[in-house]
Each structure stands twice: as C-alpha cells, then as structure tokens.
Amino acid sequence: MPYVQVLLPTIVVALIFWFVMRAVLGADRSEREAEAKVAQEYDDRVAARAQELRGTLGSGEPTKADETAQKSAPQNSQES
C-alpha cells in the first residue's frame, strides 16, 4: 500500500499531462488542416481569376485591368 501512495500522484499528473498534450496537438492538427484548406481555396480562386483574365484578353475586349491602368496613367498636358 505505501508504494501506491507514493506512485499515485505521479501517475495522476502524468495522465493529466498526457490528456492536455493530446488536446493541444489535436487542436494544432485541426488548425493546420483548416489553414491548408483556406490556402487551397485561395489558390483556386486566383487560378480561376487568372484563367478568366487570359480568356478575356484573347477576345480583344478591354478588361477591368486595362480600364484601371488607363485611368491611372498620367495624362500629358503639355501640347505643342
């Protein structure tokens, strides 16, 4: 019986530590999976937008990027 009294606190603390570490590592794993999912969705949106712009550029029609560049281009106000 004295051996149990000596070892029981150590065993209890070790079990508590194990459960806490298991929860922390599980939360970290879930967060990494969610972050990877968001990054993949962002990459997919960027690729789709790039594909959309490539398709629009081939049609000869001005794109929003062309219109924005045209508006922001400095106008030459000096005429001879």
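Computed from a predicted model, the values in this text were never measured in an experiment. Below, all heavy atoms of this structure are taken into account, side chains as well, without hydrogens, waters or symmetry copies.
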Enquirer: Partners of Ile16 by side chain to side chain contact (heavy atoms under 4.5 Å, CB included), sequence neighbours excluded?
Expert: Val12, Val20
Enquirer: Starting from Tyr42 and following side-chain heavy-atom contacts under 4.5 Å between hydrophobic residues (I, L, V, M, F, W, Y), which residues can be reached?
Expert: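 Taking Ile, Leu, Val, Met, Phe, Trp and Tyr as members, Tyr42 shares its hydrophobic cluster with Val46.
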Enquirer: Supply the members, apart from Phe17, of the Ile/Leu/Val/Met/Phe/Trp/Tyr cluster built from side-chain contacts under 4.5 Å; use none for a lone residue.
Expert: Met21
Enquirer: What side-chain donor-acceptor pairs closer than 3.5 Å can you find for residues 28-40, not counting sequence neighbours?
Expert:
residue : atom : partner : partner atom : Å
Asp28   : OD2  : Arg32   : NE           : 3.0
Ser30   : OG   : Gly26   : O            : 3.1
Gln40   : NE2  : Asp44   : OD1          : 2.9

Enquirer: Only pairs at least two apart or in different chains count here, so list each side-chain hydrogen bond (donor to acceptor under 3.5 Å, both in side chains) that has a residue in residues 4-23.
Expert: none
Enquirer: Running the 4.5 Å side-chain criterion over Ile, Leu, Val, Met, Phe, Trp and Tyr, what cluster does Val13 land in, apart from itself?
Expert: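 Besides Val13, the hydrophobic cluster comprises nothing; the residue is isolated.
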Enquirer: Under the 4.5 Å side-chain heavy-atom rule for ILVMFWY, direct or indirect, which residues accompany Ile11?
Expert: Leu7, Leu15
